[in-house]
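Computed from a predicted structure; not experimentally measured.
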Amino acid sequence: MEGCCDLEVDVNGEEVFMVHKKILMSFSSLFSKLFGDLKGTVRNLKVIFNEFPGGAKGFELLAMFCYDNGRTMVTPSNIFLLNCAAHFLEMDGNGSSRHSLIDQTEKSLKGINFWTWSELLEALKQCQYLLPATKSSVMLQCILDCLIGRIALPSIASPYTCSSDSSSFQFSCDTSIDSLKSSSSQLTWWFEDLLFLNVDLIDKLIKTMVSLKVNHATIYKFLFCYHKSRCIGAATAEKCNITEVVIDLLSLLDRSSLSCKGLFEIYRVALGLRISKFYRNNLESLMGSQLDQATIDYLLAPSPHRRAYFYDVNLVLRLVQGFLLEGGSLSFTSRLKKVTNLLDSYLVEVAPDSHLKPSKFTALVLLLPDYARASYDRVYRAMDLFLEVHAGLCEEEKRSVCCALNHEKLSEEALKDLSRNSKFPSQTVQKALTTQQSMIKCSLSDTHHLLTFCDSLFCSNTKENLGKEDSETKKLRADLQGMHWKMMGLEKVCGAMQTEMANIMRSRLSILGNARSLPKLCS
């Protein structure tokens, strides 16, 4: 079917013109305006209509209406073409015939609830061909409302076929929708049928769906399906347009209805296209809001072209910042925990990248607030890998990398390893030793309080049961003796650590003193 195109009508001969003129003017106000005052001899008259709906076919249908004295068969397959063309020629019943094609098409539309699903689709296809003439049409909105009503409540979809003229309807049973529903999910049975729509109609359809409160999760699934289907084999410009429209429509949906996996798939397609920064930022904002659903594979996006580092660290920085803006919901704490685990895994993955700058690595570590992490063991592991690969960093740069390490949230094993790790700056190692010592002192204090309590309990029990020492009393006495020995052992470890810390500091100071005559490794 032709859309809106230029139409050229030749009228050769005065007699022929007068016949056509009389008939057309009786139904069309536009023809009355054009030819009403035309006088004199007419030869080889040519009339050109720019953007005529339906082109030659549309004009032929109107001509048949006029030459049949204002009668025509209005069906779902031609109702929109007739209506658009009638509006174009102003066939509003103000002519001498008083027959209004506009009124006839609008009356026929009142039976839309009796149309079958396939007839609704046929009418929608016709609307698409006639865009932009029907873009703001009341009739288009009417068919969209009816279509969405079937989608939202498929169980009440009409089983009737409608065949109508301007005054009557005939009904017959039709089971096409039932067979369609039996072969598909109750919520997604209509997806495949609407994939033919262009982006202009998709935009209008989805916005109408949102306004009518159709389930947002279903809308999201359809948009994802539509994007994936329409991008296959599409030219770059068309693919870019589809992607931008889909991103814009996704922004209208409740974010809890979105799937992180689907958003990242759309992002991978967008990476190869030159979509505007506005739409890219919108998509990243949506991705960030669902970051707690992501896995490490989603984040390992390759770095932009001509960048030396392996992965797109800047993308992850933006996504996490976008997620943090979502704070305030009741479930945010549990979601933050998932994002923290994800980011710590990402740190371990990117740390061995020799091209990753210390400032970027530090920005990743500092991205989350301290309270988000219950343990810093994986952060320590990532720092260890980073410093191993970046062995040429000076002391100042190392301190900058390690500044976010919370020693109090390191396990005993991690602290022990850090206190002997030569890759870390002396200040960080000293703090690890100090933290270990503090933890041991705390443990000694707790043990001392426990021993004092047990001693008093034992003495009290002995006075009350003098001469009646049984097996439980003997066991308690042995446990107390063991705790005394343990306390003495901890005191020895604490003393040894103090000595070790002093030795390490002396050796590091000695190394730094010998290096003063050497040129600086960094500024």
Side-chain angles (χ1 to χ4, degrees), residues 216-217 220 224 247 250-251 253-268 270-271 279-304 309-353 356-386 400-411 414:
H216 284 201
Y220 162 74
F224 177 72
I247 292 171
L250 287 173
S251 301
L253 305 181
D254 187 288
R255 298 198 172 189
S256 63
S257 66
L258 306 177
S259 159
C260 187
K261 181 180 179 182
L263 293 173
F264 270 89
E265 286 191 27
I266 293 174
Y267 184 77
R268 289 190 184 100
L271 280 178
Y279 291 105
R280 190 190 68 191
N281 291 343
N282 279 357
L283 180 56
E284 289 180 0
S285 176
L286 296 174
M287 292 159 62
S289 71
Q290 302 304 305
L291 195 58
D292 57 304
Q293 298 178 16
T295 64
I296 186 65
D297 293 337
Y298 296 169
L299 299 189
L300 297 177
S303 62
Y309 45 87
F310 295 151
Y311 301 114
D312 193 349
V313 175
N314 290 326
L315 170 64
V316 175
L317 289 170
R318 294 193 297 269
L319 293 183
V320 177
Q321 288 166 353
F323 172 79
L324 293 175
L325 291 175
E326 296 290 314
S329 64
L330 294 174
S331 61
F332 183 72
T333 302
S334 60
R335 296 177 66 211
L336 178 60
K337 184 178 180 181
K338 293 178 182 178
V339 172
T340 301
N341 290 333
L342 180 66
L343 185 59
D344 287 353
S345 298
Y346 184 75
L347 281 168
V348 174
E349 289 289 336
V350 301
D353 182 0
L356 182 62
K357 294 180 179 179
S359 59
K360 291 295 181 184
F361 182 82
T362 304
L364 285 171
V365 177
L366 293 171
L367 200 52
L368 295 176
D370 181 69
Y371 68 82
R373 289 186 174 92
S375 170
Y376 271 72
D377 280 14
R378 282 201 294 170
V379 175
Y380 166 65
R381 181 187 169 199
M383 287 180 176
D384 186 42
L385 290 170
F386 185 84
S400 176
V401 169
C402 300
C403 68
L405 190 63
N406 188 336
H407 293 71
E408 293 179 359
K409 290 187 177 182
L410 289 174
S411 65

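- The two residues Val350 and Leu356 come nearest to each other via the heavy atoms O-CD2, 3.7 Å.
- Shown here for Leu368 and Ala372, the closest heavy-atom pair between the two residues is CB-CB, 4.2 Å.
- Relative ring orientation between Phe264 and Tyr267 is described as perpendicular, the plane-to-plane angle rising above 60° on a 0-90° scale split at 30° and 60°.
- For the pair Leu286/Leu253, no side-chain contact is recorded, criterion being any heavy-atom separation below 4.5 Å from C-beta on.
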Please evaluate residues Phe332 and Val339 with respect to the criterion side chain to side chain contact (heavy atoms under 4.5 Å, CB included), reporting the C-alpha separation (whole Å), side-chain torsions for both, the decisive distance (0.1 Å), and the verdict.
CA-CA 10 Å; Phe332 183 72; Val339 172; over 6 Å; no
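- To the nearest 0.5 angstrom, Leu366 atom CG is 11.5 Å from Ser359 atom OG.
- In this structure the side chain of Lys360 reaches within 4.5 angstrom of the side chain of Asn314, judged on heavy atoms.
- Val316 places a side-chain heavy atom less than 4.5 Å from the side chain of Leu343.
- Looking only at side-chain heavy atoms (C-beta outward), Leu250 and Phe224 stay at 4.5 Å or farther from each other.
- Under the 4.5 Å side-chain criterion, counting only non-hydrogen atoms from C-beta, Leu324 is in contact with Leu336.
- To the nearest 0.5 angstrom, Ile247 atom CD1 is 4.5 Å from Leu283 atom CG.
- When side chains are defined from C-beta on, Gln293 does not count as touching Tyr298, because their heavy atoms never get closer than 4.5 Å.
- Counting heavy atoms from C-beta on, the side chains of Arg378 and Leu347 never come closer than 4.5 Å.
- Side chains of Asp254 and Tyr220: no donor on one and acceptor on the other come within 3.5 Å.
- For residues 316-340, the pairs satisfying salt bridge (charged side-chain N to carboxylate O under 4.0 Å, His left out) are Arg255-Glu326, Glu284-Arg318, Asp292-Arg335, with sequence neighbours left out.
- Ile296 approaches Ser345 most closely through the heavy-atom pair CD1-C, 3.9 Å.
- Rounded to the nearest 0.5 Å, atoms OG (Ser285) and CD (Gln321) are 11.5 Å apart.
- In this structure, Arg268 and Asp297 approach most closely via the heavy-atom pair NH2-O, 4.1 Å.
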Apply the test side chain to side chain contact (heavy atoms under 4.5 Å, CB included) to residues Val320 and Leu364: give CA-CA distance (whole Å), side-chain angles for both, the deciding distance (0.1 Å), then the verdict.
CA-CA 9 Å; Val320 177; Leu364 285 171; over 6 Å; no
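- Side-chain contact between Tyr311 and Asp353 is absent, with no heavy-atom pair separated by less than 4.5 Å.
- Summarising the geometry, atom NE2 belonging to His216 is positioned 10.0 Å from atom CG belonging to Leu258; distances are rounded to the nearest 0.5 Å.
- Between Pro358 and Phe386 the shortest heavy-atom distance is CA-CZ, 3.6 Å.
- A pairwise comparison of heavy atoms in Ala294 and Cys260 identifies CB-SG, 3.6 Å as the closest pair.
- Within the model, atoms CG of Leu342 and CG of Leu319 stand 9.5 Å from one another, a figure rounded to the nearest 0.5 Å.
- Rounding to the nearest 0.5 Å gives a distance of 4.5 Å between CG of Asp344 and CZ of Arg373.
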